[in-house]
Amino acid sequence: MTILKVEQTTKNTEEKIGDLLWDLLKKSENEITSLSIVSPVDSMLSQICIKNNIDRSGIKCHLLRKEEVNAFAFPNHHLIIYSGLISMCENEAEFCGVLCHELAHMEKHHIMNKLLKDFGLSVLISMSAGSGNSEMIRAAVKHLSSTAYDRNLENEADMTAVEYLIKANIDPEQFANFLYRLSNKDENMPAQYYWITTHPASKERAEKIVERIKNRTILKTSILNEKSWALLKKKLIEIE
């Protein structure tokens with residue numbers, strides 16, 4: 001009974017904190033609501049979820065107009081994607097690789113575990129009850145959007161992402177290519193490359209992905225065709 005009570009308390013805390021963090025973030029950002037952008041992203045996310053038996057209805061996907069190359073997740077299945085990330089990806093498979101990585105953090109409960117480790121349960125309960133100050137909530141937003149998970153969790157998210165991609169018939173090698181390409185920017189990297197600066201050792205991670213898929217038969221299909229992907233990127237340019 002004690003274990004169940006702790007689990008329920010943690011679950012309730014997770015839901016409240018996730019919503020608090022998103023409510024704070026959205027006040028300072030420009031959310032993209034245009035269907036010409038939201039719909040194709042939703043198509044990719046939904047296909048990945050369907051093929052991997054992930055409950056898409058529980059995921060709250062938010063697209064923000066921001067040039068930073070970043071995507072991250074908050075508790076309670078809030079997935080935040082910056083337009084700069086989509087603009088940086090050369091094809092949909094690269095973008096889907098990042099989506100799968102963030103979904104893995106969600107499904108493996110990495111997000112709440114990170115907050116519990118770095119802030120402590122009592123602080124999180126206080127925050128979720130409304131007695132935590134706004135500075136603490138801002139600190140949690142910054143923590144999840146701009147600091148790395150430990151190496152083991154990042155590796156687990158990468159390897160889980162590879163399996164998600166394979167089940168969705170998306171080429172995981174493109175995810176490795178994305179990491180390889182951005183690893184060349186590791187030195188003197190501009191501040192807006194948050195997704196790589198918060199996910200270090202890009203080249204090493206890419207090599208592990210390539211090793212993981214070696215000699216595996218992978219059916220490679222597209223969710224969007226090339227024209228639809230190009231149109232998505234064009235629409236992003238138009239709103240900047």
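Residue numbers run from 1 in the order of the sequence given.
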### Query
How about His78 and Leu21: do any of their side-chain heavy atoms sit closer than 4.5 Å?
no
### Message
Ile86 vs Leu232, test: side-chain contact (heavy atoms from CB on, under 4.5 Å). Steps then yes/no.
### Response
CA-CA 9 Å; Ile86 303 174; Leu232 168 60; 4.1 Å; yes
### Task
Determine yes or no for a side-chain-to-main-chain donor-acceptor pair under 3.5 angstrom, with Ser87 supplying the side chain and Ser83 the backbone.
yes
### Query
Which heavy atom in Met106 sits nearest to a heavy atom in Ala73, and how many Å separate them?
CE-CB, 3.9 Å
### Message
Donor-acceptor pair, distance only, cut-off 3.5 Å: does the side chain of Ser28 make one with the backbone of Leu25?
### Response
yes
### Query
Side chains of Leu165 and Ile213: closer than 4.5 Å at any heavy-atom pair?
no
### Query
Parallel, tilted or perpendicular for Phe175 and Phe178, by the 30°/60° rule?
parallel
### Message
Suppose we call two aromatic rings close when their centres sit under 6.0 Å apart. Are Phe119 and His143 close by that rule?
### Response
yes
### Task
State, with a plain yes or no, whether a side-chain heavy atom of Asn12 is found less than 4.5 Å away from one of Ser128.
no
### Query
Is the shortest side-chain N to carboxylate O distance from Asp42 to Arg56 below 4.0 Å?
yes
### Message
Donor-acceptor pair, distance only, cut-off 3.5 Å: does the side chain of Asp55 make one with the backbone of Ser57?
### Response
yes
### Task
Apply side-chain contact (heavy atoms from CB on, under 4.5 Å) to Phe95 and Val41, showing your working.
CA-CA 9 Å; Phe95 177 61; Val41 172; 4.2 Å; yes
#### Entry: Ser228 side chain vs Leu224 backbone, donor-acceptor pair below 3.5 Å
no
## Note on the structure
dist Leu124:CG -> Thr13:OG1 (nearest 0.5 Å) comes out at 7.0 Å
### Task
Going by the side chain to side chain contact (heavy atoms under 4.5 Å, CB included) test, name the single residue among Ile239, Ile237, Leu231 that passes it with Lys235.
Leu231
### Message
So Asn91 and Gln174, do their side chains get closer than 4.5 Å, heavy atoms only?
### Response
yes
### Query
Under a 4.0 Å N-O cut-off, is there an ion pair linking Lys27 with Asp23?
no
### Query
Should the pair Glu29-Arg65 be classified as a salt bridge under the 4.0 Å nitrogen-to-oxygen rule?
no
### Query
With side chains defined as the heavy atoms from C-beta onward, is the minimum distance between Lys51 and Gln47 less than 4.5 Å?
yes
### Message
Taking the side chain as everything from C-beta on, heavy atoms only, tell me whether Pro75 gets closer than 4.5 Å to Leu144.
### Response
yes
### Query
Side chains of Asn177 and Glu94: is there a donor and an acceptor less than 3.5 Å apart?
no
### Message
Whether Arg151 and Glu204 form a salt bridge (side-chain N of Lys/Arg under 4.0 Å from carboxylate O of Asp/Glu) is what I want to check.
### Response
yes
#### Entry: Listed partners of Glu163 passing salt bridge (Lys or Arg N to Asp or Glu O under 4.0 Å), at least two apart
Arg212, Arg216
### Query
So which heavy atom on Ile80 is nearest to which on Leu64, and how close?
CG2-CD1, 3.7 Å
### Query
Are Glu211 and Lys214 ion-paired here, with the side-chain N under 4.0 Å from a carboxylate O?
yes
### Message
Is it the case that over 12 heavy atoms from other parts of the model lie below 6.0 angstrom from the CD atom of Glu226?
### Response
no
### Task
Assess whether side-chain contact (heavy atoms from CB on, under 4.5 Å) is satisfied between Leu115 and Val123, documenting all intermediate values.
CA-CA 10 Å; Leu115 287 177; Val123 170; over 6 Å; no
### Task
Keeping the roles fixed (side chain from Lys220, backbone from Ile218), state whether a donor-acceptor pair exists under 3.5 Å.
no
### Task
Evaluate whether atom NZ of Lys233 has more than 12 neighbouring non-hydrogen atoms of other residues, nucleotides or ligands under 6.0 angstrom away.
yes
### Task
Using the side-chain contact (heavy atoms from CB on, under 4.5 Å) rule, take Tyr164 and Leu99 through it: C-alpha gap first, then chi angles, then the decisive distance, then the call.
CA-CA 10 Å; Tyr164 287 167; Leu99 282 183; over 6 Å; no
### Verify same cluster id: Ile59, Ile50 (apolar side-chain graph, 4.5 Å)
no
### Query
How far does CD1 of Ile81 sit from CG of Leu79, to the nearest 0.5 angstrom?
4.5 Å
#### Entry: Nearest-0.5 Å distance, NZ of residue Lys234 to OG of residue Ser36
9.5 Å
### Interatomic distance, Phe74 atom CZ to Asp19 atom CG [nearest 0.5 angstrom]
11.0 Å
#### Entry: Heavy-atom pair with the smallest gap, counting every atom of Leu20 and Met127
CD1-O, 3.4 Å
### Summary
When every non-hydrogen atom of Val69 is compared with those of Gly84, the smallest separation belongs to CG2-O, 3.8 Å
### Query
Taking atom NZ of Lys108 as the centre, does the number of heavy atoms from other residues, nucleotides or ligands within less than 6.0 Å exceed 12?
no
### Query
Which distance, rounded to the nearest 0.5 Å, do you find between the OH of Tyr82 and the OG of Ser145?
5.5 Å
### Task
Taking the side chain as every heavy atom from C-beta outward, state whether Glu31 and Leu63 have any pair of such atoms under 4.5 Å apart.
no
### Query
Which atom pair, heavy atoms only, marks the closest approach of Ala157 to Ala104?
O-CB, 3.6 Å
### Message
Between Lys60 and Asn76, is there a side-chain heavy-atom distance shorter than 4.5 Å?
### Response
yes
### Task
Indicate the atoms forming the closest heavy-atom contact of Thr221 with Ala168, along with that distance.
OG1-O, 4.4 Å
### Task
Please round to the nearest 0.5 Å and tell me the distance separating atom CD of Glu156 and atom NE2 of His105.
9.5 Å
### Message
Quick check on side chain to side chain contact (heavy atoms under 4.5 Å, CB included): which of His110, Met159, His101 does Glu154 satisfy it with?
### Response
His101
